[in-house]
Structures are given as C-alpha cells and as structure tokens.
Participant: 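Supplied in structure tokens, the structure appears directly below.
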2 protein chains.
Amino acid sequence: MSKTAAAIASGDKPDPTDKGQAIVDAAARVFLEQGYGASSMDAIAAEAGVSKQTVYSHFGAKEALFEAIIQGKCRELMPPDSLKWSAGQDHEKTLRLFAHGFLMTILAAPSTALFRVVVAESVRFPELAAVFYRAGPATACDYLAGYLDKLHQAGTLSAPEPKESARQFFALLRGDLYFRRLLNLTSPPKSPEVEAVVGKAVSAFLAAHAPE
Amino acid sequence: MSKTAAAIASGDKPDPTDKGQAIVDAAARVFLEQGYGASSMDAIAAEAGVSKQTVYSHFGAKEALFEAIIQGKCRELMPPDSLKWSAGQDHEKTLRLFAHGFLMTILAAPSTALFRVVVAESVRFPELAAVFYRAGPATACDYLAGYLDKLHQAGTLSAPEPKESARQFFALLRGDLYFRRLLNLTSPPKSPEVEAVVGKAVSAFLAAHAPE
DNA sequence: GTCTATAAAAGGATAGAC
DNA sequence: GTCTATCCTTTTATAGAC
C-alpha cells in the first residue's frame, strides 16, 4: 500500500506515475458522479487504468475506499479563512466578498456532488456525515463567528451570540438558489446571479443585526 | 395491474387485502430507507409478502416502481394551505404558527428520508426532482407569498416582492437545525427546539421587512 | 506490486404452472 | 393474478502467475 487514507487527506503532491494516486482520483470521480451504490469496483479500476486487484491491494474493500475518498474530499474542498478584521474597513463589503466566495464554492459541481453523496449515505455512513459537517459548514461558521464577534465588540453591529448569527447568515445564503442547485434543477450559476443573492442576504442580515 | 401509478398519487382508501397496495407500502419503506441503488426487488417483494413476479406484474421494472413511489410521496407529504388572512389578526403569531408546522413537517423522518433519496437520485431521475420541487417547496412558497402580499397591501410589513420574501423566509427556517438533520447528525427535534428556531427566524424576517 | 482468471453471490427480469 | 423456479448479467472479492 503506497498511500494510507491519512496521506490522502494531507497535501501530498500528486504523482502521475503513482497508481495509488490514480486510484484515488478515479474513485473520486466515479463515486461523486454516480453515488456509492451505483459505483462498481470494476468501473473504478477501469477509470484508473489498473486492474481490480490493484485497487483491492491499496484499499481492502469498497467501503474503505469510499470512506477514504469522501473524507479526503471533505477537507480538500474547504477554502482557507479569508476573513481578516481591521479597524475602519468597509465591513459590509467584506461580508459581501466572503459570502460571494462561499456561495460560488458550494454551488460549484464538486461541492454539490459531494454533498449529494454524503447526504444520501448519511444513514449507512454516519461517520462521513459528521466529518463533512465539521470540515465544511462548522468550520466556515467558526470563521464567520470570529469576525462577527469583532464587529460586535467594535459596535459596528449587534451580534451578542456570534455563532448563532453566523448560522443565520449561512441560512440566508443557502436559499432557493442553492436548493434548486442541489436538486439538479439548474446549472452552476454565474457570478452576477450569485451577486444578487448575496446582496439580498447581506441586506437582510444587517437589518436584523442593526446596532441598538 | 390493480392500481396504476396515477391511482397511487390520488387518495384511494388502503385495502389490506390488496396486494398492489401492499407492494406500494413496502416499496415506499424500502426505497426511502435504503435509497434506490441499495434496494433490491427481492427485498421489496419480501417486505410486501408477495413473490417477485407479482411485483413485476404491477410495475414492469424497478425504475417505474421507484418513480411511482417517489411521485406519490412527494404529493402525500405536502400539507394543505393553512394561511388565511383576515383583518386585525396577529400576523406575527400566524407566521410563527405556520413556520412551526412547516418545520416540524420537513424535519420529520418521512420528509428527510424522501428528500435524501430525491437529492441523491436527482442526476439519474431529473424528473423526480422537478416533481418534488413543485409539489413541496414551490407550493409552500406560493402559499406564503399570497399571505405576505396581503400583509404588504395592508401596510403591516414591506414586501414589494412577496415571492422573493417568501423564499427568504424559508431559507431562514431551513437553517442549521435542518442542515444537521439532513446529514442525520440529530434525531427529529422536539417542538420546543423548533419553537426557538422559529422565533429567531421570524424576528429576523420582520426586522428585514419592517414597513417604511 | 501488478496482472489475468475465477470463484461465489446477488440482483434484475422472465417462463411456465396453477 | 399469483407463485415457484430459472436465466443471465453484474458485482464483490480472491487465487495464483509473473
């Protein structure tokens, strides 16, 4: 076994001659595109350009392969914290920028594909759902809550419970556009459409968090 | 074939001696619990207490059975319109009541199970996702938008775009509690927890829609 | 480690008797 | 309409050669 599940999650450089990496990439494509049940080990081996036995040499079973792939993707798709507070900056613009980046990320094909699979398999693989939640939504929530707390202390807005406010902000963002996207009723939207949703969400959020 | 797909969606009385009805009930349980891929025709036949051939006599193929079941459930789980406007009533209380009923419904096990399956299969069965969206979220949105429009005309609140406001209301409701529920991280919450979410959502919504 | 070949089981769908 | 028995394909997983 040239690569452990832990090594996948970390940021090892991809090596095109590494069959382990080829299997990981192929399995990610197949699982995220077709879901767990509809993905066969034959299809994964073919996609990776290796024999099925090689897949079994690296990951002993289908479940183990699935868990390794999904856990890796959960962490991979989370962008770093882009919210830096500094005195006198335009906080509304900062929120808009952050919201725009967040929405573009979760509306993109890799994120929706991952979420669909995790939700679908959350009964059979409860651990994966927990990993996803911590690596994605909960982490993003922590980022924003920290920023909102600074704004609250500076008196820019009223957010005595920053965690709760952050959750509400994300709820507003994850509105009808995201809902329809999850159901595969729309393609990934372009930046202007996202901009419109962000504008309404930020306005409503600030109205509900006006100081005093 | 004793029952067509259309008959399932309508409100025919269940007949315990009707094998067609037994198949429908069994298939609903199996599909919603295990998803499409993991559900076998053998398992459905066994759950219904009939032979596999009987299942095939009623529904020619697995896909047809799945579509009939999901379409039926999409309509079955939608509650009727409970929003009646009348002059001088407490609109905030009405909104709270409506929101509470809506949240309790979508957090309950049958709704989350249905949504998980529809999302998971939205790539393979785009039609089902569209049916779900129209029968569920879109219909609820129409109900609320009609009510908000009356409030707007009465000057109780400012909602010049009632459809858009309704979507925002549902986005606030479908917050972190619903998100964690979808990922199977929590059990269906009790009424008080739902009450707390409703309170915060309604407050934020009204703050963002204050008249003038 | 990697491949070809093969077991062993499960699943979708059908035939034929009643 | 319903059941039992069966066909054929797919799928997970393993044996054994190189």
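So you know, we letter chains A, B, ... as the sequences are listed, proteins then strands, and number each from 1.
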Participant: Check ring pair (Phe, Tyr, Trp, His ring centres under 6.0 Å) between B:F179 and all other residues, then give those that pass, not counting sequence neighbours.
Facilitator: A:F115

Participant: Could you work out, with side chain to side chain contact (heavy atoms under 4.5 Å, CB included) as the rule, every residue matching A:V197, not counting sequence neighbours?
Facilitator: A:L103, A:L177

Participant: Return the set of residues passing salt bridge (Lys or Arg N to Asp or Glu O under 4.0 Å) with A:D176 (not counting sequence neighbours), or none when no residue passes.
Facilitator: A:R180, B:R167

Participant: Quickly work out the A:F59 CZ to C:dT2 P distance and round it to whole Å.
Facilitator: 12 Å

Participant: Who pairs with B:Y56 by side chain to side chain contact (heavy atoms under 4.5 Å, CB included), at least two apart in sequence or on another chain?
Facilitator: B:M41, B:K52, B:Q53

Participant: Any residue in residues 40-56 of chain A with a heavy atom nearer than 4.0 angstrom to DNA chain D? Just list them by number, or reply none.
Facilitator: A:S40, A:M41, A:D42, A:K52, A:Q53, A:Y56

Participant: Which residues satisfy the side chain to side chain contact (heavy atoms under 4.5 Å, CB included) test with A:A159, sequence neighbours excluded?
Facilitator: A:H152, A:L157, A:S165, A:H209

Participant: Could you tell me the separation between the CD atom of A:Q34 and the C1' atom of D:dT11, rounded to a whole number of Å?
Facilitator: 14 Å

Participant: For the side chain of B:K62, starting at C-beta, report the closest nucleotide among C:dA13, D:dA13, D:dT2.
Facilitator: C:dA13

